[in-house]
Amino acid sequence: MPNRRRFRRIKMPPAMEGFKPFGIPMRELESVNLLFEEYEALRLADYENLTQEEAAAKMNISRPTFTRLYDKARKSIAKAFVEGKAIIIQGGTYITDDYWYRCEDCHETMITVKPTKNCRKCDSDNIVQLNEKPVKGKKN
Ligand SMILES: [Zn+2]
């Protein structure tokens with residue numbers, strides 16, 4: 001059977017780009033990568049306290065796939081925690097219902113139904129889109 005990669009649904013972007021540990025000189029700082037869907041798996045299970053079945057349904061993926069993402073997220077965070085590495089949240093295979101942006105000037109995170117060019121907080125046009133295009137079948 002071909003390994004068809006399903007897109008994982010994510011509700012909201014993380015509020016930050018990652019984490020940095022205290023007490024490690026910047027030049028020695030290494031990082032681990034956390035995919036957006038791994039972040040979402042951890043958020044649903046450990047923050048929203050959903051069961052793995054419920055969380056998998058929310059992300060539109062199978063329970064085994066969810067468990068894999070969740071385990072990976074916990075291992076990456078444990079590694080960063082124990083080894084004093086930074087955590088960078090980026091990348092992945094996922095879909096969203098909205099557009100996500102982050103302002104490079106004031107670091108505001110925006111979730112919008114329609115594409116936008118300016119920060120809603122400081123009106124800067126120095127914004128970056130965080131996600132791919134929203135899922136088909138929705139307006140705009
Ligand atoms: Zn701004």
Side-chain angles (χ1 to χ4, degrees):
M1 209 174 101
N3 184 11
R4 201 164 52 89
R5 196 139 187 219
R6 278 214 287 180
F7 285 83
R8 299 81 190 255
R9 180 178 299 277
I10 299 182
K11 190 163 172 245
M12 284 169 62
M16 65 283 143
E17 294 168 50
F19 283 92
K20 277 186 288 201
F22 286 114
I24 309 274
M26 277 305 286
R27 65 178 182 279
E28 290 171 22
L29 196 58
E30 294 175 13
S31 63
V32 298
N33 191 62
L34 199 63
L35 299 176
F36 274 112
E37 60 259 36
E38 292 167 358
Y39 162 86
E40 181 74 349
L42 197 76
R43 188 184 72 80
L44 291 171
D46 289 340
Y47 182 78
E48 301 283 348
N49 292 317
L50 300 185
T51 66
Q52 293 207 4
E53 282 85 359
E54 292 167 339
K58 281 228 190 270
M59 291 179 73
N60 194 33
I61 56 180
S62 70
R63 162 73 193 271
T65 299
F66 179 87
T67 302
R68 214 165 51 239
L69 291 174
Y70 179 68
D71 287 347
K72 177 85 185 317
R74 294 185 72 139
K75 282 197 168 65
S76 294
I77 289 168
K79 186 180 172 71
F81 207 66
V82 172
E83 298 180 10
K85 294 180 190 300
I87 301 168
I88 308 293
I89 306 171
Q90 65 182 3
T93 308
Y94 59 91
I95 52 171
T96 60
D97 289 335
D98 306 293
Y99 293 86
W100 301 350
Y101 300 95
R102 179 174 288 123
C103 176
E104 295 285 273
D105 290 333
C106 75
H107 304 291
E108 174 81 350
T109 300
M110 299 187 288
I111 302 170
T112 61
V113 177
K114 290 181 177 174
T116 184
K117 294 248 184 288
N118 293 88
C119 174
R120 68 177 167 203
K121 198 170 162 195
C122 74
D123 203 39
S124 166
D125 61 3
N126 190 14
I127 62 174
V128 291
Q129 189 170 347
L130 298 175
N131 60 344
E132 303 296 320
K133 261 196 258 172
V135 61
K136 285 176 219 134
K138 295 264 294 188
K139 276 172 270 166
N140 76 73

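Order of listing sets the numbers, starting from 1, for every ligand and every atom in it.
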Indicate whether any N or O donor in one side chain lies under 3.5 Å from an N or O acceptor in the other, for Ser124 and Glu104.
no
Within the distance-only criterion (no hydrogens, no angle test), does the side chain of [X] pair as donor or acceptor with the backbone N or O of [Y] below 3.5 angstrom?
X: Glu37; Y: Ile10; result: no
X: Glu28; Y: Pro25; result: no
X: Tyr70; Y: Ala45; result: no

Enumerate the protein N/O/S atoms at a distance below 2.8 Å from the Zn ion (ligand 1), ignoring waters.
Cys103 SG, Cys106 SG, Cys119 SG, Cys122 SG
Between Glu38 and the options Lys75, Arg74, Lys72, the salt bridge (charged side-chain N to carboxylate O under 4.0 Å, His left out) test singles out Lys72
Quick check on salt bridge (charged side-chain N to carboxylate O under 4.0 Å, His left out): which of Lys58, Arg43, Lys11 does Glu48 satisfy it with?
Arg43
